[in-house]
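Every value quoted in this text rests on a predicted model; they were computed, and no experiment measured them. These values consider heavy atoms only, across backbone and side chains, with no hydrogens, waters or symmetry-generated copies. All ligand and atom numbering here is 1-based and tracks the order in the structure.
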Amino acid sequence: MVTQISSLNGQALRKAAELIRSGEVVAFPTETVYGLGANAFSDDAVKKIFALKGRPADNPLIVHVALGYDISLLIDCEPNYAPKLRAAFLPGPLTMVYPSTGKVSRYVSCGLNTLAIRVPASPAAQAFLKAVDLPVAAPSANLSKHVSPVTARHVYDDFDGKIELILDGGPCSGGIESTVLDCTGEIPQILREGLVTREMIASVAGDCGVYHAKAGEKPKSPGMAYKHYSPRCKTAYCRSAEEAMALYRAESEAGGTPCVLCERAAAENLKHCKTLVLGASGEEMARNLYALLRQGEKSATLLIGIEPKERGGVMAGVLNRFSRAFGGNHET
Ligand code: AMP
Ligand code: MG
């Protein structure tokens, strides 16, 4: 199969809609990362996503809908805070988990009685969803465990020859996946941190929890249990430039090509090392993280991550992805 990367013109959107309606899979841009979409009502189409990605069968998908889509068809009931959160943050990088009516394919939620729904804000995603005119189940468009894609080229690198069409909307402006918020309880609870922060949600809903699975418990957001966001080279997780320098020297002396990925302030102490610089603010780091992880894995034998010192706002989401990519345990 020839994989076509196409800019978002009328012809490409018509082709994307045709493919989705005939049960095929299409990659499309959103403001967070690129998604691998299929008709959420079709068992066979949804199963293709799992097969293409090599995604574990118990890791549910998010359903993406166009602005104005009537979600009452898909959700059973909702708490009082849910409409307030939708009004405040949608369209945007917030996925809300509701009790499900069970109308979409049972493979979407992997047997859970809940459904995750997102209304992406990016005009490209909206153009795609409007053209398709169906709810689209879509995880990130990367092979399972690999780094999420933030450009059409990243999607191509993972799925060349395996899917027909990648819609190219340029680099994603957000850069990390949506916040996943459980809206089935008395207070909303974050299952995965992202660009919509706990503080932002609490300011609208009055309160907001952050869910952490207890030891031995099956996590509420199954995806958080898996190894994720991993570059395809050796990685090391450090808390200081000194620690990173020692590893860098050892790898160089062993004939390898190390590289350090870190925030701007840390890079200034590493003048003689090859570095990939995340930036300074949380938003900048979110936007750059995945592209740099993919860049790093191409040339480095060892990618050394220095935990950013920046805290607050979207850094909870950035540190979550950073520590899972490098196999570390960040300090909050
Ligand atoms: P991805 O689309 O690859 O970013 O992954 C989707 C994330 O949403 C994963 O972490 C899933 O575990 C989570 N998710 C999707 N549906 C549900 C649901 N019904 N309940 C809880 N988490 C969900
Ligand atoms: Mg993913």
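- Checking only distances, R55 does come within under 3.5 Å of ligand 1, N or O to N or O.
- Counting atoms of ligand 1 from 1 in the listed order, those under 4.0 Å from a heavy atom of E177 are 4 (O).
- Listed for the K309 side chain is a donor-acceptor partner under 3.5 Å among the backbone atoms of R239.
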| task | Assess whether ring pair (Phe, Tyr, Trp, His ring centres under 6.0 Å) is satisfied between Y229 and Y290, documenting all intermediate values. | result | CA-CA 8 Å; Y229 321 119; Y290 290 151; 5.7 Å; yes
| task | Decide side chain to side chain contact (heavy atoms under 4.5 Å, CB included) for S105 and F41; before the verdict, give the C-alpha distance in whole Å, the side-chain angles of both, and the deciding distance to 0.1 Å. | result | CA-CA 5 Å; S105 162; F41 291 125; over 6 Å; no
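- The atoms of ligand 1 that sit less than 4.0 Å from any heavy atom of V180 are 8 (O).
- Residue-ligand proximity, T114 to ligand 1, at heavy-atom distances under 4.0 Å covers atoms 18 (C), 19 (N), 20 (N).
- Remark: the backbone N or O of S140 is paired with a side-chain donor or acceptor of K53 at under 3.5 angstrom.
- Checked by atom type and distance alone, the side chain of R294 pairs as donor or acceptor with a backbone atom of V147 at under 3.5 Å.
- Residue-ligand proximity, A138 to ligand 1, at heavy-atom distances under 4.0 Å covers atoms 2 (O).
- When the options I306, L292, L270, I304 are evaluated for a side chain to side chain contact (heavy atoms under 4.5 Å, CB included) with T275, the one that passes is L270.
- Judged by distance alone, the side chains of T301 and E251 do bring a donor and an acceptor atom under 3.5 Å apart.
- Just one residue in the list T95, V46, L115 forms a side chain to side chain contact (heavy atoms under 4.5 Å, CB included) with V63, and that residue is L115.
- Contact annotation for N59 and ligand 1: only side-chain heavy atoms (C-beta onward) come within less than 4.0 Å of the ligand.
- Below 4.0 Å from some heavy atom of I62 lie the following atoms of ligand 1, by number and element: 6 (C), 8 (O).
- Applying the 4.0 Å criterion to heavy atoms of R192 picks out, from ligand 1, the atoms 1 (P), 4 (O), 5 (O), 6 (C), 7 (C).
- Protein atoms of type N, O or S found under 2.8 Å from the Mg ion (ligand 2) total 1.
- Interface atoms of ligand 1 facing L191, defined by a heavy-atom separation under 4.0 Å, are 21 (C), 22 (N).
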